[in-house]
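Everything below concerns the one structure shown next.
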2 protein chains.
Amino acid sequence: MSPTIRDIAEAAGVSTAAVSYVINDKPGVGEETRRRVLKIMREMNYRPNPQARGLAARRTGMIGLMIPDITDPFYVNIVRGVEAKANELGYTLNLCTTHGDAERERDVAELFASGGVDGVIMMTYKLTPSELKELSEGRAPVVAIDNPEAAGWVPSVLVDNIALGRTATSYLTELGHTRIGFIHGVEGSIASMRRYEGYVQALKSQGAEFSPELVEYGGFTHAGGVEAARVLLSRPQRPTAIFAANDQMALGAMSAAMELGLSVPSDLSIIGVDDIEAAALVVPGLTTLKQPTCEIGACAVGILADLIRSPEGDDEAGASDVGQRVFEARLIVRGSCAPRQ
Amino acid sequence: MSPTIRDIAEAAGVSTAAVSYVINDKPGVGEETRRRVLKIMREMNYRPNPQARGLAARRTGMIGLMIPDITDPFYVNIVRGVEAKANELGYTLNLCTTHGDAERERDVAELFASGGVDGVIMMTYKLTPSELKELSEGRAPVVAIDNPEAAGWVPSVLVDNIALGRTATSYLTELGHTRIGFIHGVEGSIASMRRYEGYVQALKSQGAEFSPELVEYGGFTHAGGVEAARVLLSRPQRPTAIFAANDQMALGAMSAAMELGLSVPSDLSIIGVDDIEAAALVVPGLTTLKQPTCEIGACAVGILADLIRSPEGDDEAGASDVGQRVFEARLIVRGSCAPRQ
DNA sequence: ATTCTAACCTTAACCGGTTAAGTTGTCCTC
DNA sequence: GAGGACAACTTAACCGGTTAAGGTTAGAAT
């Protein structure tokens, strides 16, 4: 088997404590001894056992990351940000996906709570805020991403989806559009609802038309986007622009438009959200709103690392000051939107 | 703090050993005692500490997964397969990305080797097979995915990229094409080289033309595909079909064709590899070769779990029998290929 | 009545580290 | 030259579980 700290200690003629001090760069060991121990560690190819270390020092060096779906580019990009920052801070990542399943979310939360990780980053939609809060009061602190409901309960980093909706919609109204369709994601999606809220706000403030006839659901999928757009475009007075709550649906809307003989952007302007890879590849390119996913991930890790270092709760200020960081989406202009003719 | 096994033992009036037996469903505990202990565990919201467990029982319940890039759909789909199967077998995933960086690959390997995981699944391209083998002889067994060089050294699961190249190319020759271009990925990519090899084999066996003029590099990116296709299509005798080593480049080739006023598939047939999401969304749909990524991932976990259960090495049969499982890619026919006119 | 067996449970040594407290030796100071 | 301060180690008690080996007890077999 691989050598233990005792083997090293013996070989170097010192106590395990001394070796431990060397490993952790702590004072109390002479220069000469330190060098000797290091040399022997190298020679014997010694690697401290992370489990034993963790057990004794009460840390695992791991951050748990819970996301619904590793296929969705939005989450993947957040994972990238998280990974980069976590790595920078010396943490390794424990990734679990939940597929939006409530039970699985609970299982994973349980797993993380049992102490396998030093902290948890959660993108969860089924767990209630109080469940989250309870979890965070256990062994590992929690930071929530993209969950407005959890904000206020646990430290959160969010994107302002209402502003996002306003930005997208205003961009279209400023191009002269007044009949603008909206394609929701799945029913009950908070992100979708907030984007819709921004859409309504912008319509009102710009004096553009608002009608339930302009709103459909597309389930966040390409096929759903096709369906929804077909419905919207076959209405007596069809919209001249469509704002879809994500890019897959926006691309679906684009297909539907082509299928109906409408040209994008001259007959129909389309705007999406997420800036997925395909958005840049289609012709015309899809104008979209990009959320700063990498920064979001990195920011969450930063907050979490602080919490791990100095566990909360010991302040009298009350729970009202749980951190919260809000990011804004950025408009990426490509070719899919044009002034109304 | 959260209760320990000693707290439970005390509350139940038994020894910690008894509690441990209950936790692990081992015999030697009476029905009544077992029930009492379970009840108390529930009441006190007890969760065994995974680190302590791992230390004592010499397992972590984690599988390390090393991939170059979490953005690449090919890897992501493998991760999905791995995650699902790992989860099924009670393992959790420790994900690390290397960005194809040799030093990072070594760091991660080191991390895994130090015993943080029970086994490792590697998609690595910079580590030498002997480094891999050495790693696998340490604390954690290793399974390699998609690394033909490692096969024979460590248990491997692969896709037959030569056959893939043959399949793609034969599909085109059978449609009557004789001048078929090939777009490589990055230089030195083994996958790309093997696909090329299959391409050459198919050309030869079908008596089609082979010329260095028909081969370009596209670096696996969309932009690179555009570039490469431009070059190929501006040659005196332009190819009537192009086989790109991945879908991004194939889509790039499609853009280049449109840009040059060529229509796909009537003027130019295009075939790619990977079946990325966008392949189904463009018009015409991209014909492509899909690797059974989920099965590959699941298969790797299966092999690894066996190795973890019964560590190798104890057989006299020699190292020649390291497992190896080869998968075949499947042709997905969409609209981007047509008979030569 | 004694021995054997089996079921049930406890003791205590580990797993491989960390770390507070204690020991030893050296040098400095007054 | 006694006392104190400091550097360099060591001792040993943990961290929170697992598990081999041993101890009781009750009931069955002899």
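Residue numbers start from 1 in every chain, and the chains themselves are labelled A, B, ... in the order their sequence lines are given, proteins ahead of strands.
- Side-chain to base pairing of A/Y21 with D/dA7: no donor and acceptor N or O lie closer than 3.5 Å to each other.
- Note that CD1 of B/I67 and OG1 of B/T98 are 8.0 Å apart. Values are rounded to the nearest 0.5 Å.
- With a 4.5 Å cut-off on side-chain heavy atoms, B/E134 and B/W153 do not count as touching.
- With 3.5 Å as the limit, one finds no donor-acceptor pair spanning the side chains of B/T293 and B/R80.
- B/T124 and B/N147 are not linked by any side-chain donor-acceptor pair at a separation below 3.5 angstrom, with hydrogens and angles left out of the test.
- A/V19 comes within 4.0 angstrom of no nucleic acid atom, judged by non-hydrogen atoms across all strands.
- Pairs engaging residues 107-120 of chain A under the salt bridge (charged side-chain N to carboxylate O under 4.0 Å, His left out) rule: A/E110-B/R47 [sequence neighbours left out].
- No side-chain donor-acceptor contact under 3.5 Å links A/N49 and B/R58.
- Backbone-only contact: B/R58 has heavy atoms under 4.0 Å from sugar-phosphate atoms and none from a base.
- Place B/A18 and A/P3 on DNA chain C by their nearest nucleotides, and B/A18 ends up nearer the 5' end.
- Residue contacts shown for A/T4 are limited to sugar-phosphate atoms, with no base heavy atom under 4.0 Å away.
- Counting only heavy atoms from C-beta outward, the side chains of A/V154 and A/M122 never approach each other to under 4.5 Å.
- In this structure, the side chain to side chain donor-acceptor pair (under 3.5 Å) partners of A/R106, at least two apart in sequence or on a different chain, are A/E131.
- A salt bridge (charged side-chain N to carboxylate O under 4.0 Å, His left out) check over residues 32-44 of chain B, counting only residues at least two apart or in different chains, returns the pairs B/E31-B/R35, B/K39-B/E43.
- One finds the CD1 atom of A/I78 at 5.0 Å from the CD1 atom of A/I296 (value rounded to the nearest 0.5 Å).
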Worksheet item: What dot-bracket string describes DNA chain C from 5' to 3', counting Watson-Crick and G-U wobble pairs whose defining distances are under 3.5 Å, with [ ] for crossing pairs and | for pairs to another strand?
Response: ||||||||||||||||||||||||||||||

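- Residues from residues 25-40 of chain B lying near DNA chain C, meaning a heavy-atom separation below 4.0 Å, are B/G28, B/V29, B/G30, B/T33 in numerical order.
- Where DNA chain C meets chain B (any atom under 4.0 Å from a heavy atom), the bounding nucleotides read 5' to 3' are C/dC8 to C/dG16.
- In this structure, CE on B/M66 lies 11.0 Å from CG on B/L95, to the nearest 0.5 angstrom.
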